[in-house]
There are 2 protein chains.
Amino acid sequence: MTTARGSTRDAIVTAALELFREHGFEGTTMRAVAERAGVSVGNAYYYFSSKDELVQGFYDQLVAEHRAAALPELAGRSDLAERLRLTLNAWITVAEPYRAFAGRFFAVAAQPGNPLSPFSPQSGPARDAAVDLYRDVLEGARVDVDAELGRELPELLWLQHLGVVLFWVHDTSADAARTRLLVDRTVPIVARLVRLSRLPVLRPLGRQVVDVVRLLRGT
Amino acid sequence: MTTARGSTRDAIVTAALELFREHGFEGTTMRAVAERAGVSVGNAYYYFSSKDELVQGFYDQLVAEHRAAALPELAGRSDLAERLRLTLNAWITVAEPYRAFAGRFFAVAAQPGNPLSPFSPQSGPARDAAVDLYRDVLEGARVDVDAELGRELPELLWLQHLGVVLFWVHDTSADAARTRLLVDRTVPIVARLVRLSRLPVLRPLGRQVVDVVRLLRGT
DNA sequence: GCGTAGTGTTGAACATGTTCAAAACCTGGA
DNA sequence: TCCAGGTTTTGAACATGTTCAACACTACGC
């Protein structure tokens, strides 16, 4: 079988994503991926050093789709809570087709040292892209926050996003209704906390939170 | 090889834990476990339906050890922050020998539907035990909290615990120093939030948080 | 055209989690 | 003692992720 220059890799990713969707992660064998891509098993391993690594393709695609779906919806909205809700709901919608087996993916990603981990150096670009989206969410909103807290806030919002994703992969309700409920209930809390953060009573708390975020990031 | 009545299961768990400690989760084969336990591979599968399931033994043991280590330290302390810090540090100390490969365990546990997941029905007892520990932490402290929030607080503190564990499995610093730092910085925030929760400005927020916890639990 | 170095590809072999039919071992009743 | 039914144990067979030595192809200098 002859394929166009450089397309072998793409063929493998495409085949893998198709099969993941059809049979889930476990149900997809490397032999099946290779066969559908029209290559040998060994060849698949020439491009991807493990089955797990195939997931990175899925992951990158998802982040890009999320951004593309969220940004247009944000136009013209300036209420932080509203912007947050739209962004999180956009994720739920975009990711819905993969919910049934995404758990497998995130389990892999949760492993320390795994390149797919959201905290790994290799995921740096994808993570930055995700955090950037929340920077956009924040910048388009009319809110006043302490400058120092403001710098870390996008990362905090991304952590909230991770929490929602964690809930989502465990959510078996139709159309992820329970996750949407969680978003509806979490977003006002976060928005209110952000607003209240300027209160004198809460100032020191804000400082402490900033420190924790920096520790989390590794600084 | 003759073994005392009913001890086969124990022999397998013991062998598995030894080997996990020596070679990590990946590095331990079911064949090796069976061999060290003095049984056949098939026999190991008679008692544990998968390699993952062997981890439940480790998990149960850890929760029990944690409780045993934490409770004596709490005696005589009534400051909530202090009690929280002691409890979390007790975990870090107890779990230290397993840190290098615990990530593998928690990755398994993070899988939706997996019996080991802290949110699964099968983990109910272990989870209740863990939440109960935080109920003790709370009850021994001299703090006044809103009654409704108070009911959900143990579960919230357990969620904080989960967060610390998540950080811990990614922590490669010597003696988990960074995790201890995280505890030192997180505990005052939580303690202060609990104290502030009675402020009129924050009352509605408390209500909202209670709702979220209930949603998380599935009620 | 021809050799050569690098890149891409192959499929059999291997390692290891898991299954299963058969065998061995009970245990209580006749 | 012997049998019947259940429980425990065995190890070979299977499925599938992964490796690797060999082969094919491509590009380039001569």
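The chains referred to below are lettered A, B, ... by the order of the sequence lines, with proteins before strands, and numbering in each begins at 1. Only this structure's heavy atoms are used, side chains among them; waters, hydrogens and symmetry mates stay out.
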Separation of atom [atom1] in [X] from atom [atom2] in [N], rounded to whole Å:
X       : N      : atom1 : atom2 : result
B:Phe48 : C:dG17 : CZ    : P     : 15 Å
A:Met30 : C:dT10 : CE    : P     : 14 Å
A:Lys51 : D:dA15 : NZ    : C1'   : 11 Å
A:Leu54 : D:dG17 : CG    : P     : 10 Å
B:Glu35 : C:dG17 : CD    : C1'   : 17 Å
A:Leu19 : D:dT16 : CG    : P     : 13 Å

Would you call A:Glu73-A:Arg85 a salt bridge at under 4.0 Å N-O?
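Not counted as a salt bridge, because no side-chain N and carboxylate O are separated by less than 4.0 Å.
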Hey, does B:Leu84 have a side-chain heavy atom less than 4.5 Å from the side chain of B:Tyr134?
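A side-chain contact under 4.5 Å exists here.
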Nearest-nucleotide wise, let me know which of A:Gly42 and B:Arg31 is further upstream toward the 5' end of DNA chain D.
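Checking each residue's closest nucleotide, the 5'-ward one belongs to B:Arg31.
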Whichever of A:Glu26 and A:Asn43 has its nearest DNA chain D nucleotide further upstream toward 5':
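Comparing both residues, the 5'-ward one is A:Glu26.
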Looking only at side-chain N and O atoms, does A:Thr8 come under 4.0 Å of OP1 or OP2 in C:dT9?
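So the side-chain polar atoms of A:Thr8 do come within 4.0 Å of the phosphate oxygens OP1 or OP2 of C:dT9, strictly under.
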Please determine if a side-chain N or O atom of B:Tyr46 lies less than 4.0 Å away from the OP1 or OP2 oxygen of D:dT9.
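Checking B:Tyr46 against D:dT9: no side-chain N or O falls below 4.0 Å of OP1 or OP2.
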The side chain of [X] is closest to which nucleotide in this list: [options]?
X       : options                : answer
A:Ser40 : C:dT10, C:dG17, D:dT10 : C:dT10
A:Tyr45 : C:dG17, D:dT9, D:dT19  : D:dT19
A:Tyr47 : C:dT18, D:dT16, C:dT9  : C:dT9

Please identify each residue that fulfils side chain to side chain contact (heavy atoms under 4.5 Å, CB included) with B:Ala130, with sequence neighbours left out.
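Checked B:Ala130 against side chain to side chain contact (heavy atoms under 4.5 Å, CB included); matches are B:Trp158.
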Keeping the roles fixed (side chain from B:Arg185, backbone from A:Gln208), state whether a donor-acceptor pair exists under 3.5 Å.
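It does not hold such a pair.
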Can you label the angle between the A:Trp91 ring and the A:Trp168 ring as parallel, tilted or perpendicular, going by 30° and 60°?
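Ring orientation of A:Trp91 relative to A:Trp168: perpendicular.
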For B:Val41, answer base if it contacts any base atom (sugar-phosphate contacts may also be present), sugar-phosphate if it contacts only those atoms, and nothing otherwise; contact means non-hydrogen atoms under 4.0 Å.
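It contacts base atoms.
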